[in-house]
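Some notes on the structure that comes next.
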Amino acid sequence: MSISDYERAERIQFEPSEGYDLETLALRSGQHRSLEGEHSDPIYPTSSYVFSSAREAAARFGGEEEGNIYSRFTNPTVQFFEERIAALEGGERAVATASGMAAILSTCLSLMQNGDHVVCSRSVFGSTVSLFDKYLTRTGIKVSYVDPTNLDSWESAITEDTKMLFLETPSNPLSELTDVVAVAEIAHKYDALLVVDNCFCTPMLQQPLKQGADIIIHSATKYLDGQGRCVGGVVVGSDKHMEEVFGFIRTGGACLSPFNAWVFLKGLETLKLRMDAHCTNAMEMAKWLEEQDGIDRVFYSGLPSHPQHELAKKQQKGFGGVLSFEVKGGKDAAWRFIDATKMVSITGNLGDVKTTITHPATTTHGRMTPEARAEAGIKDNLVRLSVGIESIEDLKADMLRGLAAV
């Protein structure tokens with residue numbers, strides 16, 4: 001006996017529940033099959049949608065009826081990605097953006113206003129500092145920077161205007177950690193929001209919402225994609241806060257394209273496998289680099305020598321794939337090291353299955369003032385390595401080329 005289209009649509013959908021592990025959610029959550037019964041996630045490359053009548057169009061635009069309106073703010077493929085990352089982070093809702101920086105901008109402008117104050121870790125991505133100092137301040141939002149590892153510095157920086165605390169953990173590029181539970185308690189004591197950039201760990205290694213954070217930021221360009229194909233971002237949090245972020249995206253237009261959302265959906269399917277491989281290679285590389293004569297210091301939270309190694313074991317399921325190290329000498333030595341490598345890619349991106357190498361002081365953090373870089377601990381001899389999943393022996397051989405040049 002045949003079944004109705006409605007019954008068939010219901011039968012072929014995946015119903016997520018709290019009983020599923022992250023590996024399963026990364027593959028199957030946020031999947032809404034059409035009546036065609038496709039097994040892979042579909043892509044909807046359309047800018048607009050057709051309505052059955054003028055009445056339906058008016059009801060959609062007026063918010064009286066749910067449904068697609070315009071792909072700047074309603075697109076099925078983008079929504080699939082939002083649902084999947086929200087499920088992985090344990091958030092009520094996610095809003096996708098055109099880039100990781102757009103995710104930060106959208107969060108700040110939708111949840112703060114003229115006169116508000118944000119306390120930010122001094123150890124964040126260089127573009128985040130530029131965004132805060134050069135553009136947020138133009139709106140009348142005030143910014144203070146603190147030592148991310150010093151809990152007293154967080155609390156002492158709070159004023160009556162503080163509305164947000166912002167941090168990365170681990171930080172870029174020195175792998176400094178912040179105690180999320182402790183800083184969340186401080187934020188909530190003063191009715192402020194805690195926003196955590198979870199780019200380096202991904203939800204496979206760390207879920208800050210479960211540790212007290214209010215909002216999660218991702219540059220989906222990094223590990224969520226994992227193969228350096230597309231640029232995008234996403235914000236995760238409560239329905240209340242995400243409705244504000246969604247409103248900004250709807251009006252401001254910093255939206256994610258359907259194609260990029262589809263690529264990120266494919267990336268999430270292998271996220272657990274990739275993060276495990278990244279962690280394994282990065283740990284072995286960090287241990288090996290510590291033993292090399294041409295290296296002054298290695299920054300990786302998986303090393304017992306890292307000052308916050310115990311905190312990393314407590315709040316993360318793994319130590320990630322990014323490390324940095326100081327070579328003996330100054331900028332010239334760091335550049336010689338980088339230029340002598342043959343296999344790894346010299347690029348500012350990270351989170352790729354291919355290992356990438358860069359000089360933070362003149363690239364990712366190059367727009368910061370020398371004083372700000374010094375305060376953040378970013379020296380001219382610092383090299384950042386985003387360890388991929390190539391043969392670890394081949395990677396070591398390439399690092400030896402760099403060491404020989406130093």
Side-chain angles (χ1 to χ4, degrees), residues 5-6 8-18 20-50 60 66-100 102-103 106 198 202-204 207 209 216-227 229-239 242-243 245-246 249-250 253-274:
D5 286 345
Y6 176 81
R8 183 172 187 277
E10 288 291 303
R11 181 174 297 181
I12 63 177
Q13 302 307 321
F14 171 76
E15 294 295 335
S17 75
E18 295 182 0
Y20 288 107
D21 290 333
L22 291 179
E23 296 92 323
T24 302
L25 293 175
L27 282 159
R28 295 188 175 274
S29 60
Q31 187 171 38
H32 299 271
R33 296 188 179 97
S34 73
L35 290 176
E36 301 298 334
E38 68 281 346
H39 191 227
S40 180
D41 299 287
I43 179 172
Y44 292 87
T46 182
S47 59
S48 63
Y49 304 87
V50 177
R60 294 272 183 91
E66 292 186 358
N68 297 313
I69 301 173
Y70 189 63
S71 277
R72 172 161 33 87
F73 54 97
T74 52
N75 180 273
T77 312
V78 174
Q79 291 165 354
F80 299 162
F81 169 63
E82 291 171 337
E83 288 183 29
R84 187 167 298 180
I85 195 66
L88 290 172
E89 284 287 10
E92 292 179 351
R93 184 178 176 185
V95 178
T97 62
S99 68
S106 303
N198 197 30
T202 80
M204 291 301 176
Q207 293 176 298
L209 293 179
I216 300 301
I217 298 285
H218 279 285
S219 171
T221 314
K222 311 303 190 294
Y223 287 109
L224 300 191
D225 174 13
Q227 296 178 58
R229 297 168 292 190
C230 292
V231 174
V234 65
V235 189
V236 188
S238 67
D239 281 327
M242 292 306 99
E243 182 62 25
V245 177
F246 172 75
I249 295 298
R250 174 172 181 158
C255 55
L256 183 66
S257 78
F259 178 79
N260 288 13
W262 181 80
V263 171
F264 296 148
L265 281 167
K266 298 294 99 181
L268 288 176
E269 292 180 354
T270 60
L271 182 59
K272 178 61 166 62
L273 296 173
R274 288 187 285 106

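Below, each value reflects all heavy atoms present in this structure, side chains not excepted, and no hydrogens, waters or symmetry copies.
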Using side-chain heavy atoms (C-beta onward) and a distance below 4.5 Å, is E83 in contact with Q31?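 The answer is no; the side chains never approach within 4.5 Å.
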
Check side chain to side chain contact (heavy atoms under 4.5 Å, CB included) between [X] and all other residues, then give those that pass, not counting sequence neighbours.
| X | answer |
| --- | --- |
| S238 | E92, K240, H241 |
| T74 | Y49, N68, I69, Q79 |
| A96 | V78, F81, E82, L256 |
| P42 | E38, Y44, F80 |

Nearest 0.5 Å, what's the [atom1]-[atom2] distance between [X] and [Y]?
| X | Y | atom1 | atom2 | result |
| --- | --- | --- | --- | --- |
| R72 | S257 | CZ | OG | 15.0 Å |
| K272 | T24 | NZ | OG1 | 11.0 Å |
| T77 | W262 | OG1 | CH2 | 10.0 Å |
| F264 | F259 | CZ | CZ | 10.0 Å |

Which pair of heavy atoms, one from [X] and one from [Y], lies closest together, and at what distance?
| X | Y | value |
| --- | --- | --- |
| R60 | E66 | NE-O, 3.3 Å |
| N75 | P258 | ND2-CG, 3.4 Å |
| H218 | T202 | CE1-CA, 3.9 Å |
| R84 | L265 | NH1-O, 3.3 Å |
| A26 | L88 | N-CD2, 3.7 Å |
| P203 | I85 | CG-CD1, 4.3 Å |

Kindly say whether T46 contributes a backbone atom to a donor-acceptor pair with the side chain of S71 at under 3.5 angstrom?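 Here the side-chain-to-backbone pair exists.
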
Using side-chain hydrogen bond (donor to acceptor under 3.5 Å, both in side chains) as the criterion, list what pairs up with [X], not counting sequence neighbours.
| X | answer |
| --- | --- |
| S48 | none |
| E243 | R93 |
| T270 | R274 |
| D225 | R229 |

What pairs of residues pass the salt bridge (charged side-chain N to carboxylate O under 4.0 Å, His left out) test when at least one of them lies in residues 253-262, not counting sequence neighbours?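 Non-adjacent pairs meeting salt bridge (charged side-chain N to carboxylate O under 4.0 Å, His left out): zero.
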
side-chain contact (heavy atoms from CB on, under 4.5 Å) between I249 and T97, intermediate numbers included: CA-CA 7 Å; I249 295 298; T97 62; 3.7 Å; yes

Among residues at least two apart in sequence or on other chains, which ones pass salt bridge (charged side-chain N to carboxylate O under 4.0 Å, His left out) with E269?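 Expected list: K266.
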
Taking side chain to side chain contact (heavy atoms under 4.5 Å, CB included) as the criterion, tell me which of I216, L22, N198 meets it with Q207.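 When I216, L22, N198 are each tested with Q207, the side chain to side chain contact (heavy atoms under 4.5 Å, CB included) holds only for L22.
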
